[in-house]
Amino acid sequence: MSNYHIKHLEEYFQVYRKSVENPEKFWEEIAEEHFLWRKKWDNVLSWDFTKPEVKWFEGAKLNITENCIDRHLLTRGDKTAILFEPNNIKEEAQHITYKQLHQNVCKMANVLKSKGVQKGDRVCVYLPMIPELVYTVLACARIGAVHSVVFAGFSSTALATRINDCDCKIVITSDGSFRGKKTIDLKGIVDESLESCEGVKTVLVAKRIQSEITMKQDRDFWLQPLLEEASSECEPEIMDAEDPLFILYTSGSTGMPKGMLHTTAGYMVYASYTFKNVFNYTENDVYWCSADVGWITGHSYIIYGPLANGATSVLFEGVPSYPDFGRFWQTVEKHKITQFYTAPTAIRALAKEGVDYVKNYDLSSLKVLGTVGEPINEEAWHWYDDNVGKNQAPIVDTWFQTENGGIMITPIPYVTPTKPTYATLPFIGIQPALMNEEGKEIEGNQVSGRLCIKFPWPSIARTIWGNHKRYKETYFSAFENKYFTGDEALRDEVGYYRITGRVDDVIIVSGHNLGTAPIEDAINEHPAVAESAIVGFPHEIKGNALYGYVILKDTGESRNQDNLRKEINQIITEQIGPIAKLDKIQFTEGLPKTRSGKIMRRILRKIANNEADNLGDISTLLNPEVVEGIIKKVLN
C-alpha cells in the first residue's frame, strides 16, 4: 500500500474513504512508510474535542530536521534544497544544496546553544526572506527550541506583544530588509519593541542591507562571525511526537493575537503528505511558493513540506512589482518553475497591469498553479488560468488556516476537476460539516452553513500558547464536539465546497487576517476620536479593503479632516503595521447600535458595499436615525 501520491479521481475517492473509515490505520501507514522515527509510537491517536485534547503518534521519538535534511544527504546531498532569489534582479540567485543546508542549520543551532538557548525555549525570528530565516527555523527544530516567526512587516508594538506573550529569550533579526526599491529598518523596529520586553537577553543580527545600526553592548551580536566560528556538526535533539515545534500568531476578532501551538510529528506527516499531493510534486521539480515564512503557508509550504519530500523550494525576497510587473514571470522562466503558489491579491494586481508583462516570458515549465490566503474570485481565476497556465496547468485553490497547519480543502491537480471560486473537495482525512445556527448539521448538497471539521487531522494546532481556555472557547464551543473554522461555506450540487467569508469580525485583506478589534483600539487612541468601527468592503486588488466609521469627540468642523485621516492611518501603521491601514474613513455622528449597545456591523458593511437600499428592518435599533445620517454622508 502506498497512497502517498494520488493519480486519478477514483483513487482519491478510494483513499479518502479509507482515511475517514479508519483514520488511525490510514495515518499510521503513511507515517510508517515515509518518515524516519527514532522510536515508534505506542498509540496512533487519542482525542476529545470537549476538552479539547488531541495527540497523534503518542510516544514516538523523532527530530523533524532529520526528516527534512539528514535523510536526504546520501541520495540528494548535492541537490538544491533552497533556491534563494534575491530582491535585486542583478544579485545572483543562490543554490543551497541539502549538504550546505545541513551545515548551515547545524552552525546556526550551535550559535543558538552558545547563547544559552535550550530545548523548550522560545526563539523569536524577525527576519526578511533570506537564507538565514530558513537556517534559524530549522536550527530551532534541531535543538528542540520553539520558533516563533513574526512577519517582518509588523510594527514594533505588534512584535513586542508576540515576544512577551510567549516569553522569548532571544530575537534573531537583520540590519534591515529590501522591499522593492525601499529598505526597511528592521533592527530599529526590534530596538523599539525591546524597550517593553524584559525577557529578551540576546539579539542576533544578520547583515543584509549593510546599513549603519546601533548595537547594544552585551545584548546585540552580529550573526556572521558567530556562524563562521561555529561547528557544522550538531546532533539532533530527540523530540517526543507531541513536543512543541512552533508558535505562530494569528489575529483574533478580539484583542490579543492568538499564539497557535503546533507540535512535531503530526504536523510533519500532514505538511509533507499534503505538499506531495496538492502540488503533484515529482523528483526534479522546482517548486515556488511566493508567500512569506511569517505565515503558516510559508512554514508548511516553503520549509517543512517541501524539504520533507526532498524538494527544491524557492525562497523569494522580492515583490511582484519590482523592478516591474513581470518579475514573477521572469523568475518562473529563469528557474524553470514547475509549481507556482501565490495569493489572489498578487494575481489581481498583476492582471490589472495587463498581459504584456506575462507574454514576454516562457512559462511552459509550469505544471501546477496554486492560490492561497483567501478565496479567489472568478475573474482572477480565469486570468491566471488563461495567461499564466495557458489552460494547461491546473489551478489548486487551497483553503486552510494557521490553526490547521496544512491544506484542508483543495483540488488535487490532474485528479479533481476544478471549478472557479471553489476549493472543491476535502483533502484526504478531512471530515467537513456544514452547520446551521441551531447547531444541527446540514445534510445534502446545494446548501450553505458554518464550516466545521468533525474529526482531528494530524496537524491541528493543539492549543493557544498559555491560554487553553481561549482555545476551547474560540474553536470548540460554538458546535458540540466539532472544530469550528469561523468561516461560512457552501456545498454545491456535486459536493464541492466554496468558502464564502468569515463569520466573525476578522477581515481578510490581501491574504492577511486582520481582526477589527485591535485596529479599532489603535484608532480610539487618537485624542480626537471618541469611537470607531471597521468593516471590510470589496476591493479589486486586495479582495477586501478596510472602511472605518469614526466618531469624533468634537463634532465641529474645526479640525482638518484630511489631516485627521492621515493621523489615524499613522497610528494604525505604528501599532499594527501598514497592512492594516484604512482605505476609506468616514466621520460620522454615531454608529448604529442594538439596545444592548452592540454595534450593528452588518448595516455598516452594507453601506460600505453600496447596498444602503437593502438594509432590512432597522426599527429595532437603539438609534435608527444615525443610519440615515451615515447614508447621507456617503451620498455626498
Output yes when a side-chain donor or acceptor of [X] lies under 3.5 Å from a complementary backbone atom of [Y], and no otherwise.
| X | Y | value |
| --- | --- | --- |
| Tyr475 | Gly486 | no |
| Thr588 | Tyr549 | no |
| Asp362 | Ser364 | yes |
| Asn445 | Arg491 | no |
| Ser459 | Asn404 | yes |
| Asn87 | Gly180 | yes |
| Arg327 | Val319 | no |
| Asn544 | Ile508 | yes |
| Tyr357 | Ala351 | no |
| Gln431 | Phe455 | no |

Are [X] and [Y] near enough that their ring centres are under 6.0 Å apart?
| X | Y | answer |
| --- | --- | --- |
| Tyr483 | Trp457 | yes |
| Trp288 | Phe316 | yes |
| Phe400 | Tyr270 | no |
| Tyr287 | Tyr281 | no |
| Phe427 | Tyr273 | yes |

May I ask you to establish whether Arg162 and Phe154 are in a cation-pi arrangement, using a distance under 6.0 Å from NZ or CZ to the six-membered ring centre and at most 45° from the ring axis? yes
Does the Lys NZ or Arg CZ of Lys419 fall within the cation-pi geometry relative to Tyr422 - under 6.0 Å from the ring centre and within 45° of the axis? yes
[atom1] of [X] to [atom2] of [Y]: how many Å apart, nearest 0.5 Å?
| X | Y | atom1 | atom2 | answer |
| --- | --- | --- | --- | --- |
| His299 | His262 | NE2 | NE2 | 8.5 Å |
| Leu425 | Phe13 | CG | CZ | 5.5 Å |
| Arg179 | Ile184 | CZ | CD1 | 6.0 Å |
| Leu127 | Leu186 | CG | CG | 8.0 Å |
| Lys482 | Met435 | NZ | CE | 4.0 Å |
| Thr410 | Asp397 | OG1 | CG | 7.5 Å |

Tell me the closest heavy-atom pair linking [X] and [Y], and the distance in Å.
| X | Y | result |
| --- | --- | --- |
| Phe275 | Gly305 | CD2-O, 3.7 Å |
| Ala93 | Pro86 | CA-CD, 3.9 Å |
| Leu490 | Ser448 | CB-CB, 3.5 Å |
| Ser290 | Phe340 | CB-CE1, 4.3 Å |
| Pro432 | Ile453 | CA-CD1, 4.2 Å |
| Leu451 | Thr485 | O-OG1, 2.7 Å |

Can you tell me if [X] and [Y] form a side-chain donor-acceptor pair at under 3.5 Å?
| X | Y | result |
| --- | --- | --- |
| Thr274 | Tyr301 | yes |
| Tyr126 | Ser177 | no |
| Thr402 | Lys258 | no |
| Asn387 | His382 | no |
| Thr345 | Glu374 | yes |
| Thr398 | Tyr341 | yes |
| Gln570 | Glu574 | yes |

Heavy-atom neighbours of [X] [atom1] exceed 12 at 6.0 Å:
| X | atom1 | result |
| --- | --- | --- |
| Lys181 | NZ | no |
| Arg565 | CZ | yes |
| Lys390 | NZ | yes |
| Glu10 | CD | no |
| Glu437 | CD | no |

Quick check: do [X] and [Y] have side-chain heavy atoms less than 4.5 Å from each other?
| X | Y | value |
| --- | --- | --- |
| Leu582 | Ile519 | yes |
| Asn284 | Thr338 | no |
| Ile296 | Met260 | no |
| Val20 | Lys454 | no |
| Arg498 | Asp492 | no |
| Ile630 | Pro592 | yes |
| Ile82 | Ile303 | no |
| Ile585 | Asn569 | yes |

Could I get the full list of side chain to side chain contact (heavy atoms under 4.5 Å, CB included) partners for Ala533, not counting sequence neighbours? Glu520, Leu591, Ile599, Arg601, Leu604
Any chance you could lay out the side chain to side chain contact (heavy atoms under 4.5 Å, CB included) test for Ile568 and Ile572, step after step, and finish with the verdict? CA-CA 6 Å; Ile568 286 169; Ile572 294 170; 4.1 Å; yes
So, applying side-chain contact (heavy atoms from CB on, under 4.5 Å) with Phe537, which one of Lys606, Arg605, Lys584 is it? Lys584
Are the charged groups of Arg348 and Glu379 less than 4.0 angstrom apart, N to O? no
Carefully, step by step, assess Ile579 and Leu514 under the rule side chain to side chain contact (heavy atoms under 4.5 Å, CB included). CA-CA 9 Å; Ile579 48 176; Leu514 298 176; 4.3 Å; yes
Could I get the full list of ring-ring contact (aromatic ring centres under 6.0 Å, His included) partners for Tyr497, not counting sequence neighbours? none
Determine the interplanar angle of the Phe151 and Trp295 rings, folded into 0 to 90°, and report it as parallel if under 30°, tilted if 30 to 60°, perpendicular if over 60°. tilted
Intermediate values then yes/no, side chain to side chain contact (heavy atoms under 4.5 Å, CB included), Trp383 and Leu350: CA-CA 10 Å; Trp383 186 87; Leu350 296 168; 4.2 Å; yes
Begin from the C-alpha positions of Ile428 and Asn277 and carry the test side chain to side chain contact (heavy atoms under 4.5 Å, CB included) through to its verdict. CA-CA 10 Å; Ile428 308 301; Asn277 284 289; 5.9 Å; no
